[in-house]
Amino acid sequence: MSENKLNVVVPKDYSGAPIEVVLREGAAPDLLEIKEPERVVIEGTIDAPFRWLEKRIELINQKASNIIVNRDAMGIALTIDETNYYQADIRGILQASKEMVEFGINTEKKWEPIKLSKFFKMHRAFFKDKSENMMLVSTLKNFKAKINQDIERSKEENGSKVDNYSQVVDSNLPKSFKLNIPLFKGFACEEIEVEIYADVDGRDVSLSLVSAGANEAIEEYKNKVIDEQLEQIRQITPDIVIIEV
């Protein structure tokens, strides 16, 4: 028969009062796994670095932080505790709005006339003039049939087999129309003028949307918005170095 022993250490000034001894049996609980700290990496709208800083000014060392500004990429990157492997990285990006992306303005996006007609119909809310939207929808919906008809008439009238497809395409497309859409994500709507460009390949045509006004506005807004954000950051954290790249 085995005998369990328990050693009790009595302090020198023990008075003789009863001592309660608690003996727990069973396996000790497993210790929680020690995990490495996680990096804070956030990417948001252009004001993300400022929003992060304004709530944590007292928690950071400004001299150990930096802000990198890339105007070409329309971004501001905030790094906290820059020499630490687990540094915080907060990025703010000035992003094109969902509407600009969906319309494909000033991009390589190509539209078939019938698909562009359906798209315009479903996005009538962004047209400044609703009657202009209806006209565009109707024109694009019947675009291919109208083009073929005009080509045949052109051949008959001229008595020539020369295909004047490009000329007919230009004569059937409206020169421009106006939209009221946000240029950037999270910003208010802007009025822009949009032109329809046609790419002709034989008897096939694809359309693209171009806006010189939107391009100019984006360039102006880009610098204005970034400068406003940097000024706000300087006001609350004047010791953070700001570097343009």
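When a residue number appears, it is its place in the shown sequence, counting from 1.
Without hydrogens or angle criteria, Lys109 side chain to Glu102 main chain gives a donor-acceptor distance under 3.5 Å. A donor-acceptor pair is defined here as one N or O able to donate and one able to accept, closer than 3.5 Å; no such pair exists between the side chain of Gln229 and the backbone of Ile226. Between the side chain of Thr107 and the backbone N or O of Gly104 there is at least one donor-acceptor pair closer than 3.5 Å.
Between the side chains of Gln232 and Glu228, no donor-acceptor pair of N or O atoms lies under 3.5 Å.
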**OP:** Give the intermediate values and the outcome of salt bridge (charged side-chain N to carboxylate O under 4.0 Å, His left out) for residues Asp227 and Arg71.
**Re:** CA-CA 10 Å; Asp227 288 339; Arg71 294 179 185 269; 2.6 Å; yes
**OP:** Run the numbers on Phe184 and Ser97 for side-chain contact (heavy atoms from CB on, under 4.5 Å), then give the verdict.
**Re:** CA-CA 4 Å; Phe184 298 110; Ser97 69; 5.7 Å; no
Subject >> Pair Val69-Leu230, side-chain contact (heavy atoms from CB on, under 4.5 Å): steps then yes or no >> reply: CA-CA 9 Å; Val69 182; Leu230 295 179; 3.7 Å; yes
**OP:** Tell me, with the steps shown, if Leu53 and Ile80 meet side-chain contact (heavy atoms from CB on, under 4.5 Å).
**Re:** CA-CA 10 Å; Leu53 284 170; Ile80 303 297; 4.3 Å; yes
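Lys63 pairs in a side chain to side chain contact (heavy atoms under 4.5 Å, CB included) with only one of the listed residues (Val241, Asp239, Ile240), which is Asp239.
Scanning both residues, Pro182 and Glu99, for their nearest heavy atoms gives CG-OE1, 3.3 Å. The nearest pair of heavy atoms linking Ala217 to Leu183 is CB-CD1, 3.6 Å. Between Ile46 and Gly75, the shortest heavy-atom distance links the atoms CD1-CA, 4.4 Å. Across all non-hydrogen atoms, the minimal contact from Glu82 to Thr79 is CA-CG2, 3.9 Å. Summarising the geometry of Ala73 relative to Ile93, their closest heavy-atom pair is O-CG2, 4.5 Å, with the distance given to 0.1 Å.
Remark: Tyr85 OH is loosely packed, at most 12 non-hydrogen atoms of other residues, nucleotides or ligands lying under 6.0 Å away. Enclosure of atom CZ in Arg56 by more than 12 non-hydrogen atoms of other residues, nucleotides or ligands within 6.0 angstrom is indicated. Shown here is Lys224, whose NZ atom has no more than 12 heavy atoms of other residues, nucleotides or ligands within 6.0 Å. No more than 12 heavy atoms of other residues, nucleotides or ligands sit less than 6.0 Å from atom CD of Glu108. In the displayed structure, Glu38 atom CD is contacted under 6.0 Å by at most 12 heavy atoms of other residues, nucleotides or ligands. No more than 12 heavy atoms of other residues, nucleotides or ligands sit less than 6.0 Å from atom NZ of Lys128. Other residues, nucleotides and ligands contribute only 12 or fewer heavy atoms inside 6.0 Å of the NZ atom of Lys115. Open room surrounds NZ on Lys178; 12 or fewer heavy atoms of other groups in view lie less than 6.0 Å from it.
Summarising the geometry, atom CG belonging to Asp81 is positioned 11.0 Å from atom CZ belonging to Arg39; distances are rounded to the nearest 0.5 Å. Between the CZ atom of Arg91 and the CH2 atom of Trp52 there is a distance of 14.0 Å, given to the nearest 0.5 Å. Here the straight-line distance linking atom OG1 of Thr45 with atom CD of Gln95 works out to 8.0 Å at 0.5 Å rounding.
Side-chain contact between Glu219 and Glu216: absent, with no pair of heavy atoms (C-beta onward) separated by less than 4.5 Å. A heavy-atom distance below 4.5 Å is found between the side chains of Gln62 and Pro238. Using a 4.5 Å heavy-atom cutoff, the side chains of Lys175 and Glu195 are not in contact. Using a 4.5 Å heavy-atom threshold, the side chains of Ile114 and Lys141 count as touching. With a 4.5 Å cut-off on side-chain heavy atoms, Ile196 and Phe177 count as touching. Looking at heavy atoms from C-beta onward, Val210 lies out of side-chain contact with Ile105 at the 4.5 angstrom threshold. Residues Asn70 and Ile76 are not in side-chain contact: their nearest non-hydrogen atoms beyond the backbone lie 4.5 Å or more apart. Side-chain contact between Met100 and Ile181 is present, with at least one heavy-atom pair separated by less than 4.5 Å.
In terms of hydrophobic clustering, with Ile, Leu, Val, Met, Phe, Trp and Tyr side chains grouped at heavy-atom distances under 4.5 Å, Ile242 and Ile60 are assigned to a common cluster. If you chain together hydrophobic residues whose side chains sit under 4.5 Å apart, Trp111 and Met122 never meet in one group. Hydrophobic clustering of Ile, Leu, Val, Met, Phe, Trp and Tyr side chains at less than 4.5 Å, counting indirect connections, unites Ile57 with Ile233. Ile68 and Val40 fall into different hydrophobic clusters, where Ile, Leu, Val, Met, Phe, Trp and Tyr are joined by side-chain heavy atoms under 4.5 Å apart, directly or via other members. In terms of hydrophobic clustering, with Ile, Leu, Val, Met, Phe, Trp and Tyr side chains grouped at heavy-atom distances under 4.5 Å, Met134 and Val194 are assigned to different clusters.
For Glu54, the salt bridge (charged side-chain N to carboxylate O under 4.0 Å, His left out) partners are Arg51, not counting sequence neighbours.
Taking the six-membered ring for Trp and thresholds of 30 and 60 degrees, Tyr221 and Phe187 have ring planes more than 60 degrees apart, a perpendicular arrangement. Relative ring orientation between Phe103 and Phe127 is described as tilted, the plane-to-plane angle lying within the 30° to 60° band.
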